[in-house]
Q: 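Have a look at this one.
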There are 2 protein chains.
Amino acid sequence: MATIKVPPSVPSPAEDAEQLQKAFAGWGANEGLIISILAHRNAAQRKVIRRMYAERYGEDLLKALDKELSGDFERSVLLWTLDPAERDAFLSNEATKKSTSSSWLPMEIACTRSSMELFMVKQAYHARYKKSLEEDVAYHTAGDIRKLLVPLVSTFRYEGPEVNMTLARFEAKILHEKIQEKAYNHDELIRIVTTRSKAQLTATLIHYNKEFGNAINKDLKADPNDEFLKLLRSAIKCLTCPEKHFEKVLRLAMNKLGTDEWALTRVVTTRAEVDMQQIKEQYHKRNGVSLDRAIANETSGDYKKMLLALVGPEDA
Amino acid sequence: MATIKVPPSVPSPAEDAEQLQKAFAGWGANEGLIISILAHRNAAQRKVIRRMYAERYGEDLLKALDKELSGDFERSVLLWTLDPAERDAFLSNEATKKSTSSSWLPMEIACTRSSMELFMVKQAYHARYKKSLEEDVAYHTAGDIRKLLVPLVSTFRYEGPEVNMTLARFEAKILHEKIQEKAYNHDELIRIVTTRSKAQLTATLIHYNKEFGNAINKDLKADPNDEFLKLLRSAIKCLTCPEKHFEKVLRLAMNKLGTDEWALTRVVTTRAEVDMQQIKEQYHKRNGVSLDRAIANETSGDYKKMLLALVGPEDA
């Protein structure tokens, strides 16, 4: 469930565009006005506002925002304003250029979006970067990380609810055998995780837990600092319980000495319209404090206002 | 270029459906009438006829054809009547269930269709088989064949004309190094073949030929009977000059003692509306006989009539 609040009666896109243009006029932008408009419009509405703005003022709204704003606030507004598929393409491209520790970002996108959403990310990637997401991910990775990451990003998973229980038992056994042998990068293990539908994989992992006594991610913690195992555990979490993955990313982003704004902004802007409600519940349960309070403590100024507008107040 | 001939003035889909229904009435079908309609309608027209037939007569046209026809003729008519994406999904699914020697069929489909066409095959696969093409291909293969085939089938390749010449030189060198080392299944070699756009790969291979003196496929002939190398060479051919691949499939299908109807029917029905003209030219050049004459010598009856209607007479 989404957490953004769209008012029951929304001004026309033309009015919104005009108000935004006013917010940019004069010396210094009117950040409050920008937030009051953009943070309270859904993806379809923001898209029309952006088109309307370009038609009326001859400039891409994103460019205008880029000129007027700065720092973490700017990044949060820009990411939020982007069309979801474009945003994911942008984030993935940015990640492939960073150090290997960001190599899990395309994993997060591939495993938490629907198959059709992922396909639209790939189309947006073609259009913007004149190459494919797959080739960039493959080019910038190597070894086991590549072996797992490239198929995760490539597969067009089936999304129906059908589950083959015989297969689930059979593949749970394969997973257990390979983990027992510490063959974590085995072809069969990677095949199962990267190609099965989420419903089928979930059935397999439930059976794994029942039959072999542990959740698979517990058995995959042999070496907690091994990068490949971290990626594998995160992928399994993203595929089967994404809210837990995002809770953890937020927790780590705010538990540090110095907030990790890159991660915080990403999770808030990409999930506010999808499953932020579930993430908030998970966060409160795990940390004993509500997510909006945690964010309020860790951030300040317009950036704080923007994130809180997207996350919304605690409902409980 | 296509070889099928659609008459300048086509009857309405309702009339075509009615004529087909007449062709099925009575004892024994009127095969000539069936060919005269279906073999001379394009994919969009056949789709409407099929819908119209179902609406009027309460039965899927494919089912009616299945009941009335038999043997190679039936298979050619059924494959031809299917929507191209459905047809490719059907052929791929059939291949995954066969022996490993058919493992190259999903390769042919992945490498000779456009990225968007391949995506539509994947959607059709989901709809029909309630699972993904990727998971079936991965499940039914192993080892090096799987290592090459799964990414070939999975990637959504970029299709623009842009070529990075620095990258082409760099990757031609990688390919040459790996081939010199006989590391044919090396991650980097597979990455380049499975993720680069066709334009980029073509530039890389032209540079390879110029710089190292041989076409890459010549250097990949170390062991002509090695299944992996065969698949790799075919994939490269499909990606860079599909008409040569199809010419070879047709040549082998008709050079044998006993025609390989499975291959012959597949190539004719899947290419008649795409690039059969180029394949015919390639065939004539390579074999000194026109494709339609070769087909006429190898086949008979309604099957022969159907194939010749799709391939058309020699233009030269």
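These numbers come from the heavy atoms of this one structure, side chains and all, not from hydrogens, waters or symmetry mates. A, B, ... follow the sequence lines: proteins, then strands. Residue 1 opens every chain. All of these numbers come straight from a predicted model, not from anything done at the bench.
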Q: NZ of B:Lys130 to OG of A:Ser197: how many Å apart, nearest 0.5 Å?
A: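 Answer for the NZ-OG pair, B:Lys130 versus A:Ser197, is 12.0 Å.
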Q: Are more than 12 heavy atoms from other residues, nucleotides or ligands located less than 6.0 Å from atom NZ of A:Lys173?
A: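 No, NZ of A:Lys173 has 12 or fewer neighbouring heavy atoms, counting only those of other groups under 6.0 Å.
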Q: State the CZ-OG distance between A:Phe156 and B:Ser154, to the nearest 0.5 angstrom.
A: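 That separation rounds to 12.0 Å.
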Q: Any idea how B:His126 and A:Tyr158 line up, ring-wise: parallel (<30°), tilted (30 to 60°), or perpendicular (>60°)?
A: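 Ring orientation of B:His126 relative to A:Tyr158: perpendicular.
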Q: In Å, rounded to the nearest 0.5 Å, how long is the span from CD of B:Glu135 to CD of A:Gln200?
A: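 So the CD of B:Glu135 and the CD of A:Gln200 are separated by 7.5 Å.
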Q: Are more than 12 heavy atoms, taken from residues, nucleotides or ligands other than B:Lys47, located less than 6.0 Å from that residue's NZ atom?
A: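 At most 12 heavy atoms, drawn from other residues, nucleotides or ligands, come within 6.0 Å of this atom.
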Q: Would you find more than 12 non-hydrogen atoms of other residues, nucleotides or ligands less than 6.0 Å from B:Lys244 atom NZ?
A: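 Not more than 12 within 6.0 Å, no.
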Q: Please classify the contact between A:Leu118 and chain B as side chain, backbone, both or neither, with a heavy-atom cut-off of under 4.5 Å.
A: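 Contact with chain B involves no heavy atom of A:Leu118 at all.
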Q: Distance from B:Lys131 atom NZ to A:Arg157 atom CZ, nearest 0.5 Å?
A: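 So the NZ of B:Lys131 and the CZ of A:Arg157 are separated by 16.0 Å.
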Q: Nearest heavy-atom pair of A:Ser132 and B:Thr195: which atoms, and what distance?
A: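 Closest pair (atom of A:Ser132, atom of B:Thr195, distance): OG-O, 3.9 Å.
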Q: Contact part of A:Gln123 toward chain B, heavy-atom cut-off under 4.5 Å: side chain, backbone, both or neither?
A: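 For A:Gln123, the contact with chain B is made by backbone and side chain together.
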Q: Under a 4.5 Å heavy-atom cut-off, does chain B meet the side chain of A:Tyr139, its backbone, both or neither?
A: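 Both parts, backbone and side chain.
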Q: Using a strict 4.0 Å threshold on nitrogen-to-oxygen distance, state whether B:Arg196 and A:Glu134 make a salt bridge.
A: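 Between A:Glu134 and B:Arg196 there is no salt bridge, as every charged N stays at least 4.0 Å from the carboxylate O atoms.
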Q: Could you check which of B:Thr194, B:Asp187, B:Ile192 has the highest count of heavy-atom pairs closer than 4.5 Å to chain A?
A: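 Result: the option with the highest number of such pairs is B:Asp187.
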Q: Which one, B:Glu188, B:Lys147, B:Glu159, leads in non-hydrogen pairs under 4.5 Å with chain A?
A: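 Option with the greatest count: B:Glu188.
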